[in-house]
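A quick write-up on the structure given underneath.
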Amino acid sequence: MIDKIVIMLDPKIVRANPEQVAKLLAKKKYAFDVDAFLVLEEKRKALQTETEEWQNLRNTRSKSIGKAKAAGEDIAPLIAEMDDLGTKLEQGKEALKQIQEQLNAILAGMPNIPDEDVPEGEDESENVEIRRWGDPVEFDFEVKDHVALGELKGEMDFETASKLTGSRFVVLRRQLARLHRALAQFMIDTHVNENGYEEAYLPYIVNDESLFGTGQLPKFGDDLFKLHADRDFYLIPTAEVPATNLVRNEILESEELPMQLVCHTPCFRSEAGSYGRDVRGMIRQHQFDKVELVHLVEPDKSGAALEALTGHAEGILQKLGLPYRVVMLCGGDLGFSATRTYDLEVWLPGQNAYREISSCSNTRDFQARRMQARYRDPETNKPQLLHTLNGSGLAVGRTMIAVMENYQQQDGSIKVPEVLVPYMGGLEVINLG
RNA sequence: GGAGAGAUGGCCGAGAGGCUGAAGGCGCACCCCUGCUAAGGGUGUAUGGGUUUACGCCCAUCGAGGGUUCGAAUCCCUCUCUCUCCGCCA
């Protein structure tokens, strides 16, 4: 009767254990109104049962009309019997639809349940450091931040970008433009050649169904750039959206799993900058490039897959020789779709701080349920929701900043990390000074 | 952009108002036969939802959304997508 119930959490579980779900979601600072939900649920159940009974009656009677007609009998009295059944059915359906819409709105807006060992906490200040790699370089001169470095020869130009578009965009020229490209190439090659990823080229524009699937819609539409009022097209905020939606409404064979995708795309975010944070420099832009990693795996493999994926992202930082730390997000800082997230924070000498450069999440079956992404379980031969994970491997712009700031020399030039030299056509020093 | 044709289950493909959740085939699973290989025979095999301790029963779904009808895969309208031809084009 109800064709599409849009949910992220399994509605059966929510119905069966509403109190427990509320408790678990409280960790994510989400208030689930159990009473309101239960009232609606009760109404829904009664209405649905009743309406389906009417429907059943109509189906049965219509069938007997068909039979009578075939037998050459008079069907007029049978049709007369149907009289008010149609109206009753219509009314029932309408009432049910309204209740169902209210329930769907609640369910579709509920975030995913955090893992048990996710720490309690309000915001990023309560994230928990897991490990560190590398030691921040001690400079014997006064360090410049990437903005100062980039402006030495005009290779990083925010003013011109704002002429072209507006604030929160950047123009890169010459060696910095190349460094930016080199980083993306290096990351993709590493993931393909060493970590077993399949390279993908994907649309930078997606429809609303894809965004619902990964969880950006319906709640976070304000963060997106929408293209047309009439077509429901959006610029992607991350390649996670098209990459994960590759399997939307698909039933994969188990041999096709695990799937590991790597994809370099620009990302467009409207919200970036609306809080007045990081107004200076390339940290927070409306457009930035990212190399994204996506895993599609069987349910019992997703825990290990997140560790692997995070390791792959870390590998890039290690090869580049950039000091970083890994933090586990606390409940309050965890994203809508995630059960568990590790952020990689790279050391930025210009800010004297660790800053996020990658975010790796396991969404378990949350996105898969929204997009009906399944695989055929060889044991039961039945379709089952798969698990989806995603992580940056890495954000290209921020990586470039990190390279600039960590490899700067007193004269303002930048030493090219060894692994990037081939990608820079043999160039060993970027001479900005 | 112009002109046509289409969209049906995991896949291919019938059906053109009622007994069709949907023939047939492929694939897959299990069983039988066959001393290898090849072939043959049988049975089963959609998804989502509701309800039930359970067996089960019920509802929905033939690209999407509306409409006509007692009844729609089938008729009408709108939209989306795919294919063919023409034009344009990186």
Side-chain angles (χ1 to χ4, degrees), chain A residues 1-16 38 40-97 99-104 106-108 201 203-213 227-234 242 245-257 259 296 365 368-386:
Chain A
M1 170 133 291
I2 298 307
D3 6 322
K4 270 184 196 156
I5 304 214
V6 287
I7 31 69
M8 55 206 347
L9 296 176
D10 188 338
K12 287 177 191 160
I13 292 175
V14 179
R15 276 182 215 129
L38 288 180
L40 280 174
E41 239 319 281
E42 208 162 300
K43 278 191 200 162
R44 188 225 97 226
K45 189 184 278 196
L47 268 172
Q48 181 162 347
T49 311
E50 186 185 286
T51 308
E52 288 188 356
E53 268 167 28
W54 291 126
Q55 183 75 47
N56 179 222
L57 190 59
R58 192 188 77 175
N59 290 350
T60 314
R61 289 191 181 169
S62 289
K63 267 184 189 168
S64 48
I65 290 177
K67 279 181 189 156
K69 201 177 169 189
E73 294 165 18
D74 181 14
I75 58 170
L78 289 173
I79 288 178
E81 250 183 77
M82 306 288 284
D83 235 11
D84 64 327
L85 190 56
T87 15
K88 275 186 190 160
L89 229 190
E90 282 314 308
Q91 286 167 0
K93 272 186 185 170
E94 186 51 40
L96 178 61
K97 193 177 145 197
I99 293 282
Q100 198 62 255
E101 273 167 10
Q102 292 178 52
L103 275 170
N104 281 351
I106 292 175
L107 288 163
Y201 171 81
Y204 303 160
I205 295 173
V206 293
N207 59 34
D208 53 344
E209 288 172 80
S210 293
L211 287 158
F212 181 85
L227 292 182
H228 295 277
D230 54 334
R231 293 224 61 199
D232 288 326
F233 280 177
Y234 299 80
N245 274 280
L246 285 172
V247 294
R248 169 151 57 89
N249 287 327
E250 299 288 337
I251 301 175
L252 304 178
E253 296 304 327
S254 60
E255 304 84 68
E256 297 177 76
L257 300 176
M259 214 182 265
L296 306 169
D365 64 5
R369 180 171 297 105
R370 292 179 149 240
M371 62 176 77
Q372 284 299 300
R374 295 158 295 170
Y375 76 104
R376 201 169 288 282
D377 184 342
E379 298 271 311
T380 61
N381 217 30
K382 291 284 176 198
Q384 218 189 322
L385 295 173
L386 45 80

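In this text, all values refer to a predicted model and were calculated from it rather than measured experimentally.
B:rG41 and B:rC26 have their P atoms separated by 10 Å, given to the nearest Å. A gap of 47 Å separates the C1' atoms of B:rC32 and B:rA64, to the nearest Å. Look at the C1' atom in both B:rA7 and B:rC62: the space between them is 10 Å, to the nearest Å. B:rG42 and B:rU34 are spaced 15 Å apart, taking the C1' atom of each and rounding to whole Å. A distance of about 13 Å separates the P atoms of B:rG25 and B:rG40, rounded to the whole Å. The same atom, P, is picked in B:rA22 and in B:rC58; the two are 13 Å apart, to the nearest Å. B:rG6 and B:rC75 have their P atoms separated by 11 Å, given to the nearest Å. With C1' as the reference atom, B:rU78 and B:rU68 are 15 Å apart, rounded to whole Å.
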Dot-bracket for RNA chain B: what is it, with Watson-Crick or G-U pairs under 3.5 Å, [ ] where a pair crosses earlier ones, and | for a pair to another strand?
((((((((.[[[..)..(.....]]]((((((.......))))))((((((....)))))).[[[[[..)....]]]]])))))))....
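Between A:Glu90 atom CD and B:rC70 atom P the separation is 12 Å, expressed in whole Å. Atoms NZ (A:Lys12) and C1' (B:rU51) sit 12 Å apart, rounded to a whole Å. Across the protein-nucleic acid pair, A:Leu89 atom CG and B:rG71 atom C1' stand 12 Å apart, rounded to whole Å. Per the geometry, CD belonging to A:Glu53 stands 13 Å off P belonging to B:rU52, to the nearest Å. To the nearest angstrom, P of B:rU51 lies 19 Å from CH2 of A:Trp54. In this entry the distance linking CG of A:Asn207 with P of B:rC79 reads 18 Å, nearest Å. Here the C1' atom of nucleotide B:rC28 and the CD atom of A:Glu256 are 14 Å apart, to the nearest Å. Nucleotide B:rU61 holds its P atom 17 Å from the CG atom of A:Asn249, rounded to whole Å.
Proximity of A:Leu211 to A:Tyr234: side-chain heavy atoms (C-beta onward) are separated by under 4.5 Å at one or more points. Looking at A:Arg376 and A:Leu252, their side chains never come closer than 4.5 Å, going by heavy atoms from C-beta outward. Taking the side chain as every heavy atom from C-beta outward, A:Arg374 and A:Gln384 never approach each other to under 4.5 Å.
Nearest nucleotide to the A:Ile79 side chain, out of B:rG50, B:rU51, B:rC70: B:rC70. Taking only side-chain atoms of A:Gln48, from C-beta outward, the nucleotide of B:rA60, B:rU47, B:rG49 with the closest atom is B:rG49. If you check B:rC70, B:rG50, B:rU47 against the side chain of A:Arg58, the one that comes closest is B:rC70. Nearest to the side-chain atoms of A:Ile251 among the listed nucleotides B:rG10, B:rU51, B:rG49 stands B:rG10.
For the pair A:Arg374 and B:rU47, the criterion of a side-chain N or O lying under 4.0 Å from OP1 or OP2 is not met. Between A:Asn56 and the phosphate of B:rC58, there is no side-chain N or O to OP1/OP2 separation shorter than 4.0 Å. A close approach under 4.0 Å does occur between a side-chain nitrogen or oxygen of A:Arg44 and OP1 or OP2 of B:rU51. For A:Gln372, no side-chain nitrogen or oxygen approaches OP1 or OP2 of B:rU47 to under 4.0 Å. Between B:rG71 and A:Asn59, no contact under 4.0 Å exists linking OP1 or OP2 to a side-chain N or O.
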Step-by-step side chain to side chain contact (heavy atoms under 4.5 Å, CB included) determination, A:Asp10 to A:Val14
CA-CA 6 Å; A:Asp10 188 338; A:Val14 179; over 6 Å; no
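Each of A:Glu253 and A:Thr49 has a nearest nucleotide on RNA chain B; the 5'-most of these lies closest to A:Glu253. Annotation: of the two residues near RNA chain B, A:Glu41 and A:Leu57, the 5′-most nearest-nucleotide partner is A:Glu41.
Evaluation of the salt bridge (Lys or Arg N to Asp or Glu O under 4.0 Å) rule for A:Arg58 yields no partner, not counting sequence neighbours.
For the residue pair A:Ser210 and A:Arg248, a side-chain donor N or O sits within less than 3.5 Å of a side-chain acceptor on the partner.
Going from atom NZ of A:Lys88 over to atom OG1 of A:Thr51 covers 12.0 Å, rounded to the nearest 0.5 Å. To the nearest 0.5 angstrom, A:Leu47 atom CG is 13.5 Å from A:Lys93 atom NZ. Remark: A:Lys43 NZ to A:Leu38 CG distance equals 12.5 Å, nearest 0.5 Å.
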Between the protein and nucleotides 14-21 of chain B, list every N/O to N/O distance that falls short of 3.5 Å.
residue: B:rG18; atom: O6; partner: A:Lys69; partner atom: NZ; Å: 3.3
residue: B:rG18; atom: N2; partner: A:Ser62; partner atom: O; Å: 2.7

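Using a cut-off of 4.0 Å between Lys/Arg side-chain N and Asp/Glu carboxylate O, A:Lys45 and A:Glu42 are scored as not salt-bridged.
In terms of heavy-atom proximity, A:Ser64 sits nearest to A:Leu78 at O-CD1, 4.4 Å.
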